[in-house]
Each structure stands twice: as C-alpha cells, then as structure tokens.
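Just so it is clear: chains get the letters A, B, ... in the order the sequence lines come, proteins before strands, and each one is counted from 1.
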Amino acid sequence: MPAGTAPPSGMRDFLPEDVRRREYVIGIIKRVYERYGFEPLETPAAENLETLLGKYGDEEKLIFKILRRGEHEATGQADLALRYDLTVPLARVVAQYQAKLPRPFKRYQIQPVWRADRPGRGRFREFYQCDVDSLGSTSPVVEAELCGAVADAMTELGFSDFVIRLNHRQLLTAMLDSRGVKPNEHMATLVTLDKLDKVGREGVEKELEARGRSRDAIEALMELFAPPQPSAATISKAMEGLRNAYAPSPASVVRDALKGLLDAVPHGQSAIANLKEIVTLAEQTKAKGRITFDRSLARGLSYYTGAIMELNVDGIGSLGGGGRYDNLIGMFSGQQIPACGFSLGLERILVVMTERGMFPPSLATSPADVMVATFDAAGAGPAMRIADQLRQSGLRVMVYPDPDRIGKQIKYADGRGIPFVAILGEDEIRAGRVTIKNLADRTQQTYEQSEAGAAIREALQQRG
RNA sequence: GUGGGUGUAGCUCAGGGGUAGAGCGCCUGACUGUGGCUCAGGAAGUCGCGGGUUCGAUCCCCGUCACCCCCCCCA
C-alpha cells in the first residue's frame with residue numbers, strides 16, 4: 001500500500017457526498033442567521049502570531065504556528081499562525097474597521113479553524129465553526145437572541161433533544177471567592193468542576209484532592225457547585241419525552257435555582273440578575289424550554305467576561321458554545337466594545353446527524369439528470385450539441401466522453417444515479433432524433449431532438 | 001501526554017515458520033446499439049516500516065510509525 005495518501009492526521013478530504021451534506025447544514029444555518037439580521041464576514045486563514053497570543057489562556061499551546069519564510073526560515077521562528085477560532089479574528093476586524101462598521105454590528109462567519117489537538121471522535125485539527133456574534137451592546141437581549149438563533153438553527157436541522165446550558169463567569173468568580181479559592185487558582189478549579197456532568201461528583205472530588213485541595217475546601221465547593229437536586233422531580237417532569245442527559249428547565253425553575261444561589265453567594269448578585277433577565281427574555285424566542293442553568297459550566301477560553309453558554313445533545317461533547325467577552329476588542333483598539341457570540345461546531349453536528357440519519361433523501365442526488373451516450377467518435381459532436389440543447393431546457397447534463405460499449409455507459413449512469421440516458425447512435429443522428437432511456441422503469445422512447453428536453457422534464461416531475 | 005487494540009488486494013477482513021486467501025469493487029467476455037441477475041476469465045499485495053532469531057519470517061522476538069477506542073480536553 002503506497003503510504004502517505006491519507007490526509008494529515010485530524011484533517012479530512014471531503015468527497016462529493018460529504019460536501020453535499022456539509023453544504024446542506026451550512027445552508028440552513030446561514031439562512032437562519034440571516035433571518036436575525038446577522039451579516040456575513042470572512043477573514044484570512046492565518047493571523048499574525050501576536051494577534052492570537054494572550055487571548056486564550058493555556059490553550060495557546062494548541063495553536064498551529066507558521067514558520068518565517070525565506071532566509072529567516074532556518075531560525076525556526078514563527079510569525080504567523082492559523083486561526084484558532086473565529087472570535088479573536090472578529091475582534092481584530094472590529095478594532096480595525098471601527099469607523100466603517102455599524103454599531104451594534106451583527107455578523108456570522110462560517111470558516112475552518114485549526115487546533116493542534118489530538119484528534120478523536122468528533123474532534124479534528126481542521127474543523128468548521130459557525131459563529132454568530134453581536135457587538136456593541138451589553139443588553140441581555142443579545143444573549144437571549146443568540147440563544148434563540150442557535151435554537152432556531154438546531155430545530156431547522158431536525159434536532160429535538162438539544163439543551164443550552166447557561167452560566168456566568170462573574171457568578172463563578174463570586175462562588176469561588178466565597179469558598180476561599182484564590183484568584184490564580186480559579187481557572188484550574190473551574191476546569192475540574194466543569195467535568196461534573198461527565199465524570200460525576202466523585203470523579204471531581206478525586207481530581208480536586210489530587211490538585212491538593214483540603215477535604216474541607218472540597219466539601220465547601222461541592223456543596224455550592226453540586227448540591228443535592230431538590231428539584232429533580234420538577235425537572236424530570238419538564239423533560240418528559242426528552243431522553244438526553246441534559247435536562248432543560250422551565251424558566252421558573254431556573255429562576256428559583258438562581259434565587260437559592262443568591263443567599264450563598266451575595267457577591268454574585270449582578271450576575272444572577274443578568275442571568276434571570278436572559279432566561280426571561282429567551283422565553284420569547286425559539287430557545288423557549290431549551291435553557292437550563294448549570295452552575296458547574298465553566299468553558300475554557302479565558303476571554304469570557306459574562307454569561308457563558310454551551311449547546312449539548314446526548315452522546316457527544318458540546319455541539320457549540322459561546323458567551324460574552326466585553327474586554328477582548330479593547331485588547332486591540334483601546335476602545336472597549338462589548339460583545340457576545342455563539343459558535344456551532346459543524347463537524348460535531350455532522351457526526352450526530354449522520355449517526356441519526358437526519359439528512360433528507362433528496363441529498364443523495366445524482367450529478368446529472370441526463371447522460372448522453374454515443375457509439376463512436378463521430379457521435380461526439382452531435383452529442384455535445386444535444387447536451388447543450390438539453391441544458392438550455394434547464395436540465396443537468398453530462399456527456400459520456402468515450403465511445404465505450406453502450407452497456408458500460410448505461411451501467412455508469414445507473415451507478416451514479418443518473419435517471420436518464422440520451423442515446424445518440426448513427427440512426428438517431430441521421431434522423432435528427434434521440435432515444436431517451438428511463439433507467440428506473442427500463443423503458444425508452446425516441447423523440448425529435450427539440451422535444452427531448454421537455455419530455456425528460458415531464459418524466460422527472462412525475463418521479464417527484 | 002496515559003492505558004488498551006489494530007496494521008495482509010482499491011474496500012471489509014480471514015489465515016498462518018516453507019514463494020498469499022475470500023467477499024465486495026474493478027477490467028474482459030458470453031451479449032459486435034442497451035444497466036441492475038447469472039456464468040467464465042483477468043489485473044492487482046516488498047502481509048505498515050526497521051532490526052533480530054532461523055536453512056528459510058508475512059507469521060516468532062525487539063524496536064518504531066500509523067490508525068482506532070479510553071483517559072484528557074474541547075467545537
């Protein structure tokens with residue numbers, strides 16, 4: 001086996017069938033985002049290295065760096081890097097074009113990003129993100145609308161079991177402060193607590209112990225982050241018919257949970273008020289009944305400053321996430337512009353949709369409606385002429401290029417799912433006619449060449 | 001980065017110290033202007049790579065690489 005024909009690890013080739021599926025999903029997401037007034041944006045694959053550094057926290061080791069070129073290449077130094085996400089490039093763009101862009105500015109962006117991660121199920125080194133962001137407003141309307149747009153897109157894609165988990169960075173900070181966790185230990189502690197939904201309470205306690213936390217400190221943290229679930233009955237009622245592990249909660253349940261937290265963490269007051277507003281507003285959107293408050297949701301990126309969100313379905317990691325990042329743009333321009341966004345992971349969505357068979361059958365389309373078959377080289381000219389004629393009547397037409405045995409040509413068309421073959425032999429050419437063979441019902445009929453297009457269109461319509 | 005598993009034909013995989021197998025796919029013909037079925041034939045593999053043991057290794061041993069799963073992290 002000749003080695004080295006596989007694409008780089010964690011990166012994929014997309015064969016025609018793959019591209020159709022991807023474009024189907026991207027098309028739906030775009031259409032939904034456009035409905036909310038988001039505008040398209042694209043940025044280069046690479047950014048100056050300094051643009052990316054210092055924005056992500058300790059995930060920076062996963063950035064794909066690009067060596068300096070030419071005579072400087074030997075230094076092994078990098079000056080560029082492939083973009084790690086779409087949010088930091090957006091912040092750069094907004095800082096760069098402040099005068100040109102409206103405020104608020106709403107944009108969506110669907111492009112690949114690169115991470116030097118170890119590939120795994122639903123995890124790639126090159127993958128597409130579908131970002132929506134609103135810049136220039138601190139209103140909770142922004143968060144609520146983003147949740148609504150994401151829920152709308154998921155629903156249009158056919159998902160019925162997704163949940164948007166919600167939390168707040170400032171609330172997390174207040175919670176950790178209240179239990180005596182030092183600010184420089186916040187991130188590491190949060191990363192551990194974030195695993196509550198995956199490894200459970202025991203797993204988290206073990207990991208905290210391994211990180212050197214005292215038994216008392218762990219108790220205090222768990223009491224706050226993983227309290228016994230008094231409302232479990234309410235929740236299970238609310239999620240009747242849903243089989244996912246993440247339970248959406250009615251807005252009232254979310255508000256009750258937040259009220260309870262306020263007593264324990266008075267310093268989280270403004271964050272809690274903010275979350276309540278978001279949840280209440282989101283009730284008026286497609287996110288209604290999809291949102292749940294999750295006090296252990298942390299998210300790794302360090303640029304978040306306010307509300308944080310994560311989109312989940314059962315069986316795979318998150319399908320997307322986002323949050324508010326009011327200070328990021330200021331890192332580029334000096335002028336603080338508040339911002340909030342949400343990112344959908346296209347590949348994860350595709351993995352789940354493929355497993356669940358969520359693509360419409362019409363996606364398995366053929367490359368053409370008609371294939372023109374000929375018997376000898378002399379037929380090539382007439383074949384191309386009639387192909388052109390058929391295209392003008394709105395059909396997708398390909399010409400089989402070689403005068404292979406006719407059976408082989410028909411077999412090719414059949415194998416590609418092309419429903420009709422236009423047979424153009426000596427007899428037909430002489431008579432100015434063409435034989436149209438319907439592969440599905442094995443019938444064929446000879447037409448005047450000028451009438452063939454209409455006949456095929458009609459037959460196609462009847463097939464649906 | 002950790003633990004486990006797998007590397008044999010284009011694909012899915014079987015086998016086994018003595019020059020390599022199946023199914024599917026592909027090509028040719030039966031059928032010189034008609035596909036899905038059938039039949040006959042054919043092409044195609046330094047058995048992941050390097051070393052060791054052996055008269056002889058694809059098989060046993062050591063190393064190495066790649067891929068898959070778990071942990072980890074994320075989209």
Side-chain angles (χ1 to χ4, degrees), chain A residues 1-10 12 15 25 29 56-59 61-62 83-87 110-131 150 187-188 190-192 194-195 197-199 203 206-207 210 297-301 309-313 316-323 341-352 371 373-376 379 400 403-430 434-446:
Chain A
M1 195 181 344
T5 55
S9 170
R12 276 107 17 95
L15 299 184
V25 171
I29 292 172
Y56 299 107
D58 59 327
E59 306 199 23
K61 53 181 185 291
L62 299 182
R83 66 164 106 77
Y84 183 84
D85 69 0
L86 301 177
T87 306
I110 300 176
Q111 287 194 280
V113 302
W114 291 268
R115 295 184 188 177
D117 214 351
R118 184 166 165 171
R121 173 183 149 81
R123 172 129 131 264
F124 304 95
R125 292 179 144 181
E126 177 183 54
F127 61 98
Y128 275 64
Q129 291 196 320
C130 313
D131 276 37
V150 164
M187 261 335 279
L190 284 177
V191 167
T192 303
D194 189 47
K195 293 173 198 163
D197 63 319
K198 285 168 217 146
V199 300
K206 229 187 223 163
E207 191 170 327
L297 175 67
R299 300 193 52 76
L301 300 176
M309 292 95 81
E310 189 164 300
L311 171 71
N312 291 94
V313 303
I316 194 160
S318 74
L319 292 190
F342 204 104
S343 176
L344 289 178
L346 179 65
E347 335 300 271
R348 292 274 171 87
I349 289 173
L350 283 160
V351 165
V352 175
M371 188 191 83
T374 56
F375 290 92
D376 49 47
Y400 192 93
D404 283 338
R405 213 180 74 232
I406 199 71
K408 185 175 168 178
Q409 297 189 49
I410 289 170
K411 192 171 170 183
Y412 173 88
D414 191 47
R416 307 276 101 51
I418 300 170
F420 293 94
V421 175
I423 298 170
L424 205 54
E426 245 180 276
D427 303 344
E428 286 90 347
I429 292 170
R430 206 177 306 119
V434 62
T435 298
I436 303 300
K437 182 177 178 67
N438 182 330
L439 296 196
D441 60 21
R442 313 188 64 121
T443 61
Q444 66 182 52
Q445 196 174 339
T446 302

**Request:** Determine the stems involving RNA chain B; a stem requires 3 or more consecutive pairs of the Watson-Crick or G-U wobble kind, each with both distances below 3.5 Å, and the answer is none if no such run exists.
**Result:** B:3-7 with B:65-69, B:10-13 with B:21-24, B:26-30 with B:38-42, B:48-52 with B:60-64
**Message:** Would the distance check show the side chain of A/D376 and the main-chain N or O of A/G379 forming a donor-acceptor pair, the cut-off being under 3.5 Å?
**Reply:** yes
**Request:** Could you check if a side-chain atom of A/R83 sits within less than 4.5 angstrom of a side-chain atom of A/V113, using non-hydrogen atoms only?
**Result:** yes
**Given B/C74, B/U34, B/G35, the nucleotide with the shortest approach to the side chain of A/T435** = B/U34
**Prompt:** Of A/D427 and A/R299, whose closest RNA chain B nucleotide lies nearer the 5' terminus?
**Reply:** A/D427
**Request:** Determine the interatomic distance between C1' on B/C13 and the same-named atom on B/U8; round to the nearest Å.
**Result:** 9 Å
**Item:** Length of the CD1-C1' vector between A/I110 and B/A75, whole Å
**Value:** 14 Å
**Asked** If we take the C1' atom in both B/G45 and B/G3, what is their distance in whole Å?
**Response** 33 Å
**Message:** Under 4.0 Å, counting only non-hydrogen atoms across every strand here, what does A/I423 touch: a base, just sugar-phosphate, or nothing?
**Reply:** base
**Request:** Grab the NZ-P distance between A/K411 and B/G29 for me, whole Å please.
**Result:** 12 Å
**Message:** Could you tell me how far apart A/L350 (CG) and B/A75 (P) are, to the nearest whole angstrom?
**Reply:** 17 Å
**Request:** Would you indicate what A/Y128 reaches in the nucleic acid, counting non-hydrogen atoms under 4.0 angstrom: base, sugar-phosphate, or nothing?
**Result:** nothing
**Prompt:** Nearest-Å distance, CD1 (A/I406) to C1' (B/G29)?
**Reply:** 18 Å
**Request:** Using a heavy-atom cut-off of under 4.0 Å over every strand shown, decide if A/E126 touches base, sugar-phosphate, or nothing.
**Result:** nothing
**Request:** Taking atom C1' in both B/A57 and B/C49, compute the distance separating them and give it to the nearest angstrom.
**Result:** 15 Å
**Asked** RNA chain B: A/F375 or A/A440, which has the more 5' nearest nucleotide?
**Response** A/F375
**Request:** With rounding to the nearest 0.5 Å, note down the distance linking OG1 in A/T192 to NZ in A/K206.
**Result:** 14.0 Å
**Message:** Tell me the interatomic distance from A/Y412, atom OH, to B/G25, atom P, rounded to whole angstroms.
**Reply:** 18 Å
**Asked** With a 4.0 Å cut-off on heavy atoms, is A/Q444 in touch with a base, just the backbone sugar-phosphate, or nothing at all?
**Response** base
**Complete:** Quick note, A/L439 side chain, CB onward, closest among B/A75, B/G35, B/G33 is B/G35
**Prompt:** A/K408 has an atom NZ; how far is it from atom C1' of B/G25, in whole Å?
**Reply:** 14 Å
**Request:** Provide the distance between the two C1' atoms, one in B/G21 and one in B/G35, to the nearest whole Å.
**Result:** 31 Å
**Complete:** To the nearest angstrom, the CE-C1' distance between A/M371 and B/G33 comes to 13 Å
**Prompt:** Going 5' to 3' along nucleotides 64-70 of chain B, which nucleotides have protein heavy atoms under 4.0 Å from the base (write B), which only from the sugar-phosphate (write S), and which from neither (write -)?
**Reply:** ---S-BB
**Complete:** From CZ of A/R83 across to P of B/A75 the rounded distance in Å is 16 Å
**Item:** Base of B/A75 and ring of A/F127 stacked, centres under 5.5 Å, planes under 30°
**Value:** yes
